[in-house]
Amino acid sequence: MPDLSQVQPATFPLQGGLVLNKSTFAMSAGEALELINFEPDISGGYRRISGFAKYNTNIVPQTSASSETVLMSAFYNDNIIAARGTNIFRGTKGSTTISQDHNDSVTTITVASTTDFSTTGTILLGSEQITYTGKTSTTLTGATRGANSTSAASHSSGATVTQYWTSIDSSRTSAGVYTFATFNFDGTKKFIVADGANAPTVFNTSFAATDVAHANASTGESTTLVQDIASGTGMTGSGVLKVASTTGFTDPSSGTLTLVIGTEQFTYTGLTSTTFTGVTRGAGGTEAVDHTAGTTVSDAFPPAVSGAKFVAVFKDALFYAGMSALPQEVVFTVPFEEDNFSVALGAGSFRVDDTITGLKVFRDNLFIFCENRIFKLSGSSFADFRVDPVTRNIGCVNGQTIQEFAGDLIFLAPDGLRTVAGTARIGDVDLGTISTAVQSVFNDNIANSGGFRSLVIPNKTQYRVFFTKDGVSETITNGVICSMREANFEFAKLKGIKPTSTDTLVESAGTTVVHGGADGYIYQQESGNDFNGTSIDGKYRSPDLSFGDAGVRKHMQKVLLSYKPESSVNADLLLRYDYEDPDSPRPAAYSLSAADVAAVYGASGTTYGTSTYGGQSEPLVRQAVEGSGFTVALRVNDNGVSAPYSIRGFGLEYQMGARR
C-alpha cells in the first residue's frame, strides 16, 4: 500500500477561459492553454458546445449557380427571410406528414399538424411544390398544385410535408451581404433590407416588397448665406442668393432645383461659385421669412440611397449609409416616413471624414463606425442632431461584427475585439480592448476579415465571431467565443462553423440562433450534438502545472474530475508530463464515457468502482492515473459524438519525488 501520508492534494475550478498571452508559469490553473469548441459556461467550468442542424430541410433556391451563398438569414413576422443569388425568400421550419391519401387535384392538404407552418406560403410534398393561401390546425387550404414548374402527383398517407421557400423579391443584381432592420411607423411592423447594390426594400406583414427611392434625389450639400435676406425681399425667378460656396451643388442647366433655408424653400435655375441665380422664394407653399448671414443653406433633397450597404432605425427615421459613390455619407428620412426625403420636412444627410463600415443604434445614439474612426449621432431630430467623434484613432474592419452584447457594443477593430461602453456619466463613452488574451488568434486572421460574421446568444451572455473566408472549408473554419462571466470576458476558439449570414431571435419561449451557409441552407445553432452530421472537434488543455516547484518530480496518483453531463459522455482524459516532452511518460487515454469511468461519487445508487449515470447532476469522477514528471498538463479530448457536458474543475493527488 502506498504511504498516503505523503499524498499531496491540489484542486482548482475551471475559469478564466483561453489564455494565449501568458507564460504557462504565469497562468492560473483554471485557465486553458487550449480550448476548442468548449465555451466558458455561465454556471461554471467549460461546456462542450452544442451543434447545429438544418432549420429548414430544403435548400434556399439558387438563381444561377450552386456556389451562391446565403446572403441573409433574418427573422421577421414568424418567418425566416433568406437571400440567395438575386432573390429573397421566406419560409419556416414547418415539417409534418399528410394524414390521408391525396390525388393530384385536391386543393386542401390534410396533415397531422400545421404547427410551424406559415399562414400562407409554399410546401414540398414529394417532389411537388404546392402553394396555399390559408391554414387550420390540420389543413393547408387554397392549394395550387404543381407550383413553380413542378408536376402535380398523387401522394400516400404518411408522406412528409415540409415548408418550402416562397420568393418575395427578385432581380437584385450583384447583391452583397444584407443588413436589415424592423420598424413600426404606422401601426404595422415592417422589415427593411439593404444589399450594397440595389435599392433598399421594405416588406410589410404580407411580404409585399416596395423599393425605397426618391425621384428628387440630389447632392445633400449645404453652405451658408453671406448676407441678410428680409422677408419682403422679392425673388420671382430672377433673384440671387449669395453664399459662401456652391461647391458640390448641382447646376440645373435646364429646369429648376430646390434649396431650403430654415423653413422656407427657394428654387434656382443656375449658379456661380458663390451665388445661386434665377431664384424664386417661398416655393412649395412655404412662407417668406427673414434670414440672417451665416444661416445654413441646404439642398432640398439628400443623395439617393440606392446601393446602400447599411440601414438603421433611429429617432423614428430610417438612416442609410454605404452608397458606393458616397462612402462617407449618411442619409435619413422624414420622421415616421420610410420613403420621404424632403429636407423641408425633416430629412437630410451629413458626411463624416472616413469610409463608413457600419451603423448601430445604442443607448439613444446612432454610432457610425468607419474604417479608422467612430462617430455618434445624438439628438432627437434634424433640428438638433449632432455628430461627435468617439475616437479618431480606432475603426471597425467589418460592420457584420458589430453587436450589442453584455450592455455594450462590441466590434472588431484592427487590433482585435473592442467595446464602446457607456459609462456612468450620461453621454460619456469609453473604449476598451477586451481580446488581449487571444490576440494572436485575431492577428492570424484579421487580414482576411471581409467575410467575417458574428452573432450574440443573449441567454449565455455570449458573442461569437466567425472567420468566414473564401476558399477555406467549413471543417477548418475558425472563430472565437467571447463570454461574459462574473464581469470578466473569457474566450475560447471555434472550429467547424462557417456562417455567411446570421440572426438571433429572442422570445419568451427561448432564444433561436440561425446562420446561412455557403451550401445554400439555413442552419439553427445550439441544436443537436454535431455539426449537421459532422463530429464536433472539442479539446481542452490545462496549463503545465508545477504545483509551485518545477524542480521536484511529482508521482501522479489520482485525478478527480467534476463535470456536469447533459446525457451520455464520450470523451478521453489524458495526462502529459514535462511540457509534453516526447521523452516523458505518455500514459494511454483514460475514458470519461459514462460506461468506463472508474468511479462516480454522490450519484444515487452508486457503489465504489461502479460507474453510474443519471443520478446526481454533477458527479465527481475519481480516476487512478500513472506517470510522473516535474510538470503535468491535463487534456480532455471530446470524441465528437457526445451530447454537451461541462467540465467544472479538477482535483489532483500526487506524491513528491526527488528534486532534479
Side-chain angles (χ1 to χ4, degrees), residues 214-306 320-321 323-334 340-356 368 370 373 375 377 379 381-389 392:
H214 48 111
N216 295 317
S218 189
T219 65
E221 290 290 341
S222 63
T223 185
T224 55
L225 283 173
V226 297
Q227 66 180 41
D228 296 345
I229 303 175
S231 59
T233 301
M235 296 184 186
T236 56
S238 58
V240 175
L241 287 179
K242 295 182 178 181
V243 296
S245 172
T246 60
T247 300
F249 285 86
T250 302
D251 187 339
S253 299
S254 61
T256 63
L257 291 174
T258 305
L259 302 169
V260 176
I261 308 177
T263 59
E264 185 180 357
Q265 295 183 33
F266 296 73
T267 60
Y268 68 99
T269 60
L271 53 77
T272 69
S273 62
T274 58
T275 63
F276 294 99
T277 58
V279 174
T280 298
R281 69 181 308 179
T286 58
E287 181 180 358
V289 296
D290 294 336
H291 304 285
T292 58
T295 300
T296 298
V297 180
S298 302
D299 204 320
F301 295 97
V305 297
S306 183
Y320 303 91
M323 291 73 72
S324 60
L326 296 165
Q328 298 168 263
E329 196 88 14
V330 179
V331 178
F332 56 93
T333 65
V334 171
N340 189 335
F341 292 89
S342 172
V343 172
L345 299 176
S349 66
F350 59 89
R351 189 170 299 168
V352 295
D353 62 349
D354 196 12
T355 298
I356 296 169
I368 302 129
C370 303
R373 297 171 174 79
F375 301 88
L377 177 70
S381 69
F382 177 76
D384 65 353
F385 279 155
R386 172 176 170 172
V387 179
D388 294 301
R392 302 188 67 83

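The structure displayed is predicted, hence computed values, not measured ones.
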Are the side chains of [Y] and [X] in contact, using a 4.5 Å heavy-atom criterion?
{"X": "Tyr320", "Y": "Thr333", "result": "yes"}
{"X": "Val305", "Y": "Phe341", "result": "yes"}
{"X": "Leu241", "Y": "Ile229", "result": "yes"}
{"X": "Ile368", "Y": "Ile356", "result": "yes"}
{"X": "Glu221", "Y": "Thr223", "result": "no"}
{"X": "Phe266", "Y": "Val297", "result": "no"}
{"X": "Cys370", "Y": "Thr355", "result": "no"}

**Request:** For Asp353, check salt bridge (Lys or Arg N to Asp or Glu O under 4.0 Å) against everything at least two apart and list the hits.
**Result:** Arg373, Arg392
**Item:** Derivation and outcome, side chain to side chain contact (heavy atoms under 4.5 Å, CB included), residues Leu259 and Phe249
**Value:** CA-CA 10 Å; Leu259 302 169; Phe249 285 86; 3.8 Å; yes
Listed partners of [X] passing side chain to side chain donor-acceptor pair (under 3.5 Å), at least two apart:
{"X": "Ser273", "value": "none"}
{"X": "Thr272", "value": "Thr275"}
{"X": "Asp290", "value": "Ser231"}

Donor-acceptor contacts, no H, no angles, side chain residues 277-288, under 3.5 Å, sequence neighbours left out:
{"unit_1": "Thr277", "atom_1": "OG1", "unit_2": "Gly270", "atom_2": "O", "d": "3.2"}
{"unit_1": "Thr280", "atom_1": "OG1", "unit_2": "Gly237", "atom_2": "N", "d": "2.8"}
{"unit_1": "Arg281", "atom_1": "NE", "unit_2": "Glu264", "atom_2": "OE2", "d": "2.7"}
{"unit_1": "Arg281", "atom_1": "NH1", "unit_2": "Ala230", "atom_2": "O", "d": "2.8"}
{"unit_1": "Arg281", "atom_1": "NH1", "unit_2": "Thr233", "atom_2": "O", "d": "2.9"}
{"unit_1": "Arg281", "atom_1": "NH2", "unit_2": "Glu264", "atom_2": "OE1", "d": "2.9"}
{"unit_1": "Arg281", "atom_1": "NH2", "unit_2": "Glu264", "atom_2": "OE2", "d": "3.3"}
{"unit_1": "Arg281", "atom_1": "NH2", "unit_2": "Val289", "atom_2": "O", "d": "2.9"}
{"unit_1": "Thr286", "atom_1": "OG1", "unit_2": "Gln265", "atom_2": "N", "d": "3.0"}
{"unit_1": "Thr286", "atom_1": "OG1", "unit_2": "Ala283", "atom_2": "O", "d": "2.7"}

Mind listing the closest non-hydrogen atom pair of [X] and [Y] along with its distance?
{"X": "Ala321", "Y": "Val330", "value": "CB-CG2, 4.3 Å"}
{"X": "Val240", "Y": "Met235", "value": "O-CE, 3.7 Å"}
{"X": "Asp228", "Y": "Ala293", "value": "OD1-N, 2.8 Å"}
{"X": "Val343", "Y": "Gly348", "value": "CG2-CA, 4.3 Å"}

**Message:** If the condition is side chain to side chain contact (heavy atoms under 4.5 Å, CB included), which residues does Ser349 pass it with, not counting sequence neighbours?
**Reply:** Pro302, Pro303, Glu329, Val331
**Prompt:** Are Phe385 and Phe332 near enough that their ring centres are under 6.0 Å apart?
**Reply:**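 For Phe385 and Phe332, the ring centres are under 6.0 Å apart.
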Look up atom [atom1] in [X] and atom [atom2] in [Y], then write down how far apart they are to the nearest 0.5 Å.
{"X": "Leu225", "Y": "Thr295", "atom1": "CG", "atom2": "OG1", "value": "5.5 Å"}
{"X": "Phe375", "Y": "Phe350", "atom1": "CZ", "atom2": "CZ", "value": "9.5 Å"}
{"X": "Leu271", "Y": "Thr246", "atom1": "CG", "atom2": "OG1", "value": "4.5 Å"}
{"X": "Tyr268", "Y": "Thr258", "atom1": "OH", "atom2": "OG1", "value": "8.5 Å"}

